[in-house]
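A short worksheet on the structure shown next.
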Amino acid sequence: MRMSQLFYYPQKEMPKDVEAISHMLMLKSCMIERVASGIYNFLPLGFRVLKRIEDIIRREMLAIGAQEVLLPALHPSELWKITGRWDEYGEELFKLKDRHDRMMCLGPTHEEIITALVKAKINSYRQLPFMLFQIQTKFRDEPRPRFGIIRSREFIMKDLYSFHADEESLNEGYYKVYQAYKNIFDEIGLDYKIVEAESGPIGGDVSHEFVIIAESGEDEITYCSSCSYSATTEKAEYKPVIIEDDEELLPIEKIYTPDLKSVDEVSNYLGVPPSKLIKTIMIKADGRDIALLVKGDSEVNLKRVEELLDVKDVSLIEDNETSVPLGFVGPVGLKGIEIIADPEIKGVKNGVVGANEKNYHFKNVNIGRDFNPTRFLPIRKVKKGDLCPRCGGDLIISKGIEAGHIFKLGTKYSEPMGAVFQTATGQLKPIIMGCYGIGVSRLVAASIEQNNDDNGIIWPRSIAPYEVYILPTDWTNNTIKNFSEDLYRKLLQKGYEVLLDDRDERAGVKFMDADLLGIPMRVTIGNKFIKSGIVELKNRRKPDVLEVSAREVIDRLEEVF
RNA sequence: CGGGGCGUAGCGCAGUUGGGAGCGCGCCUGUUUCGGGUACAGGAGGCCGAAGGUUCGAGUCCUUUCGCCCCGACCA
């Protein structure tokens with residue numbers, strides 16, 4: 001491609017409210033343009049990257065035996081009413097009416113459509129298992145579109161659905177896709193983590209998220225710096241560390257603490273660090289009242305409590321549901337209720353707790369002497385500096401972008417929609433399903449989030465819009481021009497994707513653009529070429545420049561990639 | 001949906017107590033410069049988001065409405 005022909009209008013000035021680096025760079029480099037909130041044009045450069053990512057994904061999907069289809073974006077409401085998601089999906093579903101007043105929606109995902117298709121064609125276990133996928137536009141009326149194409153209302157997604165006769169087959173399929181996803185993210189060159197996740201409105205039992213580490217991410221994940229442990233911060237575990245305070249036990253003392261409820265207020269008032277306080281949180285777990293104890297510098301993790309107690313519904317007790325005033329609750333003398341404590345409070349000596357009486361706390365409270373928890377469980381949220389629950393290594397908490405999500409759906413859709421098959425013994429059973437998504441357009445932005453510097457984008461070669469940028473410093477010089485044209489032709493013949501900067505611009509402008517666009521390889525043809533027949537090869541990612549004679553350029557190009 | 005802010009040239013913005021529609025970038029013409037967004041001169045480009053109101057007079061004040069952005073609860 002010739003720069004003089006490319007639909008490329010870089011921008012110097014950016015709106016001040018563009019937050020994500022990727023968003024800024026994509027606008028600046030003319031990859032995308034905003035049409036309305038959460039709706040974008042993909043321009044030639046952006047579109048090429050999108051297509052390259054699509055190709056990688058498509059190749060991996062075909063490699064595990066999935067077949068590509070294209071399902072409609074426009075769905076009749078009937079299918080969505082059968083599964084109940086017409087109402088359940090909520091405001092995010094784009095709903096509309098056709099001319100006959102029939103209700104339709106724009107597909108945010110395709111379980112209903114694909115299940116209806118499979119129901120019509122599949123009757124026997126002999127036809128299972130199989131996988132279908134598509135790369136297609138999805139619509140979600142996001143409450144708050146943000147970060148350019150990272151969270152938009154219309155976006156490109158690859159969605160794959162697998163269909164099985166039994167759990168074992170589902171597990172096999174799930175594992176295959178899991179591996180394929182790893183291949184995809186590796187090939188795109190992303191720094192990512194795989195975490196167990198909530199399945200959300202898609203449903204199902206088991207699910208994993210593929211999260212790309214990035215500052216502008218909206219998810220928070222916790223992972224180990226030395227082993228492979230990773231989880232959403234919401235569900236993350238940690239290794240409790242009990243630090244014994246080195247103090248003489250003092251006699252317990254009741255103190256007047258008027259209107260001081262929060263940890264900060266009490267710790268300020270008494271001049272005691274928050275870690276000396278023991279917070280008591282009253283919850284209802286499936287209807288049962290429980291008191292939870294954690295150190296004052298920690299937060300209770302209700303999600304973990306749910307998991308550890310194996311209960312479905314955990315909620316905080318409201319002020320009017322208890323005889324003890326909230327803010328002054330404490331474990332001393334608390335009767336008829338289970339007390340679950342975080343192991344870390346074992347180390348607290350002469351601690352401060354609520355006195356179960358309005359405006360009073362106890363000081364110099366000691367575990368074992370003044371109160372005894374029913375049991376100890378690690379129930380607090382992870383925080384900076386925590387250790388890995390598996391290996392004891394340092395945990396890292398960081399933000400990330402959810403780019404892939406895989407689910408074992410089971411029969412969530414096949415059952416209500418009547419997608420059944422006949423087993424070898426003649427029984428009718430609902431088909432067991434899995435579904436697997438990748439945010440394709442989101443990956444374009446996510447990759448930029450991880451690959452940029454002050455001068456612009458740094459594309460990994462696997463998804464770069466072009467591989468080589470030929471930069472003739474002076475297009476009016478015929479020696480430079482002729483050599484550049486010749487090199488351009490030869491590289492194209494060799495199968496390279498090449499950008500030739502044939503514009504009559506100053507060299508500085510071309511260098512700026514080459515960096516901004518982030519093409520992996522730059523070939524500079526300038527005054528060194530005129531003087532001594534030397535051209536420069538430079539990798540966008542590295543600082544050094546390789547000087548080679550004009551004859552060698554093509555042969556030595558790969559050295560620098 | 002709650003809380004805050006913004007709509008003025010293609011883009012980024014200024015516009016004071018109500019009276020002249022402006023600046024920078026980009027674009028067009030010319031000169032100049034030529035390996036890291038050259039410099040100068042001239043020029044084109046506007047229903048001041050929309051509708052209504054107050055006023056002799058509205059970008060500016062009032063009302064309504066549409067759009068956009070930011071902070072919180074959701075998702076590839």
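Lettering of chains follows the sequences in order, A, B, ..., and the numbering in each one begins at 1.
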Residue matched to B/U63 through Watson-Crick or wobble contacts both under 3.5 angstrom: B/A51
Cationic N near anionic O, under 4.0 Å, A/Asp515 to A/Lys538: no
Heavy-atom protein contacts under 4.0 Å, nucleotides 36-42 of chain B, coded B base, S sugar-phosphate only, - none: BBB----
Residues that A/Arg34 engages under side-chain contact (heavy atoms from CB on, under 4.5 Å), provided they are two or more places apart: A/Ser37, A/Tyr40
A/Lys95/A/Asp141 salt bridge by N-O under 4.0 Å criterion: no
Sugar-phosphate only, base, or nothing, as touched by A/Ser152 at under 4.0 Å among non-hydrogen atoms: base
Rounded interatomic separation in angstrom, taking CD from A/Glu91 and P from B/C74: 15 Å
Heavy-atom donor-acceptor pair, A/Arg151 side-chain to B/C75 base, under 3.5 Å: yes
Nearest-angstrom distance from the residue atom CZ of A/Arg153 to C1' of B/C74: 15 Å
Separation of B/C69 C1' from A/Tyr40 OH (nearest whole Å): 11 Å
Base-pairing assignment for B/G10 (Watson-Crick or G-U wobble, both under 3.5 Å): B/C25
Length of the line joining A/Lys510:NZ and B/U33:P, which is rounded to integer Å: 18 Å
Face-to-face contact A/Tyr9 to B/G26 six-ring, under 5.5 Å, under 30°: no
Assigned partner base of B/A58, Watson-Crick or wobble definition, under 3.5 Å: none
Given B/C70, B/C69, B/C74, the nucleotide with the shortest approach to the side chain of A/Glu218: B/C74
Atom-to-atom span, CG of A/Leu537 to P of B/G35 - whole angstrom: 20 Å
Pairs flagged by side chain to side chain donor-acceptor pair (under 3.5 Å) wherever residues 436-446 of chain A is involved - sequence neighbours left out: A/Ser162-A/Tyr436
A/Glu13, nearest nucleotide to its side chain (from B/C75, B/C68, B/G24): B/G24
Phosphate-side-chain proximity, A/Arg146 and B/C71, N/O vs OP1/OP2 below 4.0 Å: yes
B/U17 pairs with, by Watson-Crick or G-U criteria that keep both distances under 3.5 Å: none
d(CD1, A/Ile57; P, B/A76) in whole Å: 15 Å
Sugar-phosphate, base or nothing in reach of A/Asp474, heavy atoms under 4.0 Å: nothing
Pair partner, B/G72 [Watson-Crick or wobble, under 3.5 Å]: B/C1
N/O donor-acceptor pair under 3.5 Å between A/Gln134 side chain and A/Leu71 backbone: yes
Plane angle bin for A/Phe210 and A/Phe185 - parallel if under 30°, tilted between 30 and 60°, otherwise perpendicular: parallel
Base of B/C68 paired with side chain of A/Arg34 (donor-acceptor, under 3.5 Å): no
Touch class at under 4.0 angstrom, heavy-atom based, for A/Lys528 against every strand present: base
Residue met sooner reading RNA chain B from 5', once A/Val440 and A/Arg144 are mapped to nucleotides: A/Arg144
A/His405 side-chain proximity, nearest of B/A76, B/G72, B/C75: B/A76
Phosphate OP1/OP2 of B/C69: any A/Ser37 side-chain N/O under 4.0 Å: yes
Nucleotide paired to B/A39 in any strand shown, Watson-Crick or G-U, under 3.5 Å: B/U31
Rounded distance in Å - CD1 (A/Ile212) to C1' (B/C75): 14 Å
Which nucleotide in B/G72, B/A76, B/G35 has an atom nearest any side-chain atom of A/Met157: B/A76
NZ/NE/NH1/NH2 to OD/OE distance under 4.0 Å, A/Glu111 and A/Lys412: no
Along RNA chain B (nearest heavy atom to each residue), the more 5'-positioned of A/Thr524 and A/Glu19: A/Thr524
Lys/Arg-Asp/Glu bridge criterion (N-O < 4.0 Å) met for A/Asp55, A/Lys51: no
Spacing of A/Tyr436 atom OH relative to B/A76 atom C1', expressed in whole Å: 16 Å
NZ/NE/NH1/NH2 to OD/OE distance under 4.0 Å, A/Lys510 and A/Asp513: no
